[in-house]
Amino acid sequence: MSGSKSSSSDPRPSGIHESSRRGKLRKIAEMGLDPWGGRFDDRTAIGTIRDRADEIRFHPETGDPIALPAVDGESPLDFRSWLNQQGPGQLVGPRVRAAGRIVLQRKAGKLRFVDIQDWTGKIQLFIGKQQVGEADFELAGQFDLGDLIGVDGALWRTKTGELTILADHLHFLGKSLEPPPEKHHGLQDPELRQRMRYLDLTYSDGVMERFLNRAKIIQSIRRTLGDEGFCEIEGPTLHTIAGGAAARPFRTHHNALDLPLVLRIALELHLKRLLVGGMERVYELGRVYRNEGIGPRHNPEFTMLEVYQAYGDYRTMMELTERLVTRAIQAIGAPLRLPYGDTEIDFTPPFARHSYNELFEQHAGVPPDDHQAIRSLARELNLETANRHPDVLKNAVFEERVEDQLHGPVFVIDYPASICPLTKRKASHPKIAERFELFLCGMEVANAYTELNDPDLQEQLFQTQLEGLPEEDSMAKMDHDFVRALRHGMPPAGGLGIGIDRLVMLLTNSPTIRDVILFPLLRPESSP
RNA sequence: GAGGUUGUAGCUCAGUCGGUAGAGCAACGGACUUUUAAUCCGUAGGUCCUGGGUUCGAGUCCCAGCAACCUCACCA
C-alpha cells in the first residue's frame, strides 16, 4: 500500500534511523542469517514461562537443591544477600524457548539485558558473551528496539531477583526498520494511536488486553447462544432497501446489475424472514453501517448482535440479555461490579426494570400523558416541535432529559407504540409497544421487542412512517418483500439487538467507542 | 455542519515580550559481565502542519486551509 503522502521515489525524511537499521540488517545477512526470520517452533508463551518461575532452584556445591524465596512483587527481600548466605552454588531452572519483540535494551560491556515481549507478557534476557558465544553476541550487537528475536536458555534469576532467561542461543526473526515510540511515555497522540494501531497494541499499556477481552466477550456471546440452541447465520450486507432501523445508509452500486444498493443499517428484516422460514432460534453477529456523525459513542461501522427466538417475547429477551452480559463479564474474568470511569456498574442480575412512562414522569417531571405540558417542556429544551407526533415529541424529551439519568443497568420497558413500527402492541394497551431498551451510563446498549408478526398492521405502519417524511429520514422503509414473508406466517417471537462495541466499552472501562474498535474511521492522512 | 483546544527532531514535550531552534528518550562513537526508565563521556538529528500576510526580523502576531481531540448538532 502506498501512502498518498509522497511519491515512491521520495526517500523518507527519517533517513538516519533507517540507514542505521539497514546497516545492521545487512550485517545480519552477512552473518549468513535471514534478517526476516522464518518458522520458529516449540516456543512457550512468555506468560506461561513466567508461571514456571517457582521451578528455579538453588543448587549448592554440596547438598540438595534449595527452593527460592518469593522475590516477586513488592517483597523487601534482598535477593543478592540471600544468595550470598547460601554459599557457593548456582541457580538452575527449566530450559525454555521464547520469541518476541525487543522493547528495552541495556548494554553493559560484554553483556546485554534485552526485554522481549509477546502478547502474553514481557521477560528479560541475559545475554553474556561467554554464555552465548562470539557469534550470537555479535548478532545481539545488531539488535534494535522493535526487532523480533527468539531465544533458547534457562529460566533463571539475576542477582537482583529479576526473572530472566539466561540465553545460550539467539535467533533473529525479523528486523524493524522504524524506531519505536518513546520508551516510557509510549504513543500519546490519539490520532497516531488509531492510525498506527499496531504500535498502540505493542507499546501502550492495556491495549492488547482490551482487544483480547473484546474477542473473549464476543466468543462468550457466541457460546451462550450456541449452548441455548441458537443458529448463527450471515445475512446480506448489500441491501436494496435500508430497513430495520432509522439511519442514513451508505450508498453503493452493483455494476453488472446496474443496481443501486445500500450497506445494511440493521440485521432485523432478514433474520425475521428466517423465522418465517422455520429457523426458530437464529442470530447474526456482524457489522452494520450508518452514514452519520462520528463521536465518542458513534462509529460509522459498528458491530451488532441481533437474536430472534420463536415463541418468545420481549421478556424472554430480557432474561437472555442478562445471561449474555453476565457470562461475558465472567469470560473476561471480571467481577459483576465493574468500574466505569468515575463510577461503578453493578451487573448483578436481575437488572432493574422500569416503565418508560414511570421514568418519564420521574426525570422529566411531567405527566406522561399530558401532551400540552410535554410540548411546552420540549420548547423549553429547544426541541423541534412543529409537525411532530406527540409521542415522537415525548420521545425527544425522553432522550434529552431521561436517558442521561439512567446509570443502570436498567431495562426501560413498554414504549409508546407510535415510535415502534416493528413491535407488537400490548393486547390490553394498543398504544403501548412490548419493547425494552437496556441503558447503562446513559447509553443505549440493547433494544428488544416482542416482534410484530401481523402483516397487515406491519404494512400499515410502514406506510404511516413514510407519510410526510423524506425517504432518508423515515423510520422504516416500505419493504414489500418483507411484508410478503410475514403473510406466510411468522411465529410470535422475541427479538433482541445489542450494540457490541458499546457493551465492550462498558465491560473494559473504555471511555470512547474508538478505544474498542481496532481501526476506527479516520480521514486519510493529509497530503500537503 | 458549529464552536473550543492542539499541531515544534522518529517518539514525549519545553520554547518567556517577536530577536541565532531546546531537553529527555531513541540513534551514532567510546567505557563497563548482574542491569532494571542502567550510568558516564562524546556526536549527529528540524518543511516549527500547509499557504498567505504584518514586520528590519515570525515557532511566536493576523487571515485562510488541513488533521486530530473535546463539546454540540446528526444519531432507535
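Labels below follow one simple rule: chain letters A, B, ... track the order of the sequence lines, proteins then strands, and each chain is numbered from 1.
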Take atom P in B:rC74 and the same atom in B:rA2, then report the distance between them in whole Å. 15 Å

Using purine N1 to pyrimidine N3 plus N6-O4 or O6-N4 for Watson-Crick, or N1-O2 and O6-N3 for G-U wobble, both under 3.5 Å, which nucleotide pairs with B:rG22? B:rC13

Within the 4.0 Å heavy-atom criterion, would you say A:Tyr449 contacts the bases, only the backbone, or no part of the nucleic acid? base

Which nucleotide, B:rA68, B:rU33, B:rA27, lies nearest any side-chain atom of A:Gln130? B:rU33

Who is the Watson-Crick or G-U wobble partner of B:rA64, with both distances under 3.5 Å? B:rU50

For A:Gly186, which contact category applies under a 4.0 Å heavy-atom criterion: base, sugar-phosphate, or nothing? sugar-phosphate

A:Phe411 versus A:Glu437: any side-chain heavy-atom pair under 4.5 Å? no

Measuring only the C1' atom in each nucleotide, how far is B:rC48 from B:rU35? A whole number of Å is fine. 38 Å

Between A:Thr512 and A:Arg106, whichever has its closest RNA chain B nucleotide further toward 5' is A:Arg106

I want to verify a distance call: between B:rA76, B:rU34, B:rG10, whose nearest atom is closest to the A:Arg80 side chain? B:rU34

Expressed as a whole number of Å, how far does the P atom of B:rG57 sit from that of B:rA38? 48 Å

Record whether the side chain of A:Glu162 comes under 3.5 Å of the base of B:rU34 through a donor-acceptor pair of N or O atoms. no

In whole angstroms, how far is the C1' atom of B:rA38 from the CG atom of A:Asp115? 11 Å

Using the C1' atom in both, what is the distance from B:rU54 to B:rG45, to the nearest Å? 33 Å

Gap between atoms CG and C1', on A:Leu192 and B:rU6 respectively (whole Å): 13 Å

Upstream residue (5' side of RNA chain B) when A:Thr158 and A:Glu400 are each assigned their closest nucleotide: A:Thr158

Just compare B:rU35, B:rA26, B:rA76 and give me whichever is closest to any side-chain atom of A:Ala246. B:rA76

What integer distance in Å separates A:Asp189:CG from B:rG7:C1'? 8 Å

Please set out all donor-acceptor pairs under 3.5 angstrom arising from side-chain atoms of residues 131-140 of chain A, sequence neighbours excluded.
from, atom 1, to, atom 2, distance (Å)
A:Asp136, OD2, A:Leu170, N, 2.8
A:Glu138, OE2, A:Lys27, NZ, 3.4

For A:Gln194, which contact category applies under a 4.0 Å heavy-atom criterion: base, sugar-phosphate, or nothing? sugar-phosphate

Indicate yes or no for a side-chain donor-acceptor contact from A:Thr120 to the backbone of A:Ile46 under 3.5 Å, with no hydrogens or angles considered. yes

Run the salt-bridge test on A:Arg425 and A:Asp414 with the 4.0 Å N-O cut-off and return the result as yes or no. no

Could you tell me how the ring of A:Trp156 sits relative to the ring of A:Phe126: parallel (under 30°), tilted (30 to 60°) or perpendicular (over 60°)? perpendicular

Check: A:Tyr340 side chain, A:Ser510 main-chain N or O, donor-acceptor pair, under 3.5 Å: yes

Considering only the P atoms, how many Å lie between B:rA58 and B:rG19, rounded to the nearest integer? 11 Å

Measure CG/A:Leu305 against P/B:rA76 and give the value in whole Å, please. 20 Å

Give A:Lys110 one of three labels, base, sugar-phosphate or nothing, depending on what nucleic acid heavy atoms sit under 4.0 Å from its own. base

For A:Arg50 and A:Lys122, indicate whether the former's side chain and the latter's backbone hold a donor-acceptor pair under 3.5 Å. yes

By nearest atom, which of the nucleotides B:rU35, B:rG10, B:rA68 is closest to the A:Thr164 side chain? B:rU35

Listed nucleotide nearest any side-chain atom of A:Phe126, set B:rU34, B:rC69, B:rU12: B:rU34

Of B:rU12, B:rU34, B:rC25, the nucleotide closest to the side chain of A:Lys183 is B:rC25

Distance between C1' atoms of B:rU39 and B:rU34 (Å, rounded): 14 Å

Using atom P of each nucleotide, how far apart are B:rG42 and B:rG24 to the nearest Å? 12 Å

Provide the Watson-Crick or G-U wobble partner of B:rC72, both distances under 3.5 Å; none if there is no partner. B:rG1

Tell me whether the side-chain N or O atoms of A:His185 pair up with the base of B:rC11 as donor and acceptor below 3.5 Å, since no angle test is needed here. no

Per A:Trp156 side chain, nearest of listed nucleotides B:rU71, B:rU34, B:rC28: B:rU34

Indicate, with a heavy-atom threshold strictly under 4.0 Å, whether A:Lys122 touches base, sugar-phosphate, or nothing. nothing

Without swapping roles, check the side chain of A:Arg210 against the backbone of A:Asp515 for a donor-acceptor pair under 3.5 Å. yes

Measure from the side-chain heavy atoms of A:Leu522 and tell me the nearest of B:rU12, B:rC75, B:rA68. B:rA68

Among B:rA67, B:rA27, B:rC75, which nucleotide has an atom closest to any side-chain atom of A:Glu191? B:rA67

Rounded distance (Å) that lies between atom C1' of B:rC75 and atom CG of A:Leu521: 16 Å

How is A:Gly128 classified with respect to the nucleic acid when contacts are heavy atoms under 4.0 Å: base, sugar-phosphate, or nothing? nothing

The side chain of A:Glu444 is closest to which nucleotide in this list: B:rU33, B:rC28, B:rA76? B:rA76

Could you state the atom-to-atom distance from CD of A:Glu403 to C1' of B:rA76 in whole Å? 9 Å

Nearest-Å distance for atom pair CD/P, residues A:Glu292 and B:rC72: 17 Å

B:rA76 phosphate, OP1 or OP2: any side-chain N/O from A:Arg435 under 4.0 angstrom? no

In this structure, how many angstroms lie between the P atom of B:rU35 and the CD1 atom of A:Ile116, rounded? 20 Å

Establish, with yes or no, whether the OP1 or OP2 oxygen of B:rC75 is under 4.0 angstrom from a side-chain nitrogen or oxygen of A:Arg290. no

Can you tell me if the side-chain N/O atoms of A:Lys107 get under 4.0 Å from OP1 or OP2 in B:rU33? no

Give me the distance, rounded to whole Å, that separates B:rG65 from B:rA21 when you measure between the P atoms they each carry. 30 Å

Touch check for A:Asn395, heavy atoms < 4.0 angstrom, all strands: base, sugar-phosphate only, or nothing? nothing

Once you apply a heavy-atom cut-off of 4.0 Å, does A:Arg514 come out as touching a base, just sugar-phosphate, or nothing? sugar-phosphate

Donor-acceptor check, side chain of A:Arg502 to backbone of A:Arg297, threshold 3.5 angstrom: yes or no? yes

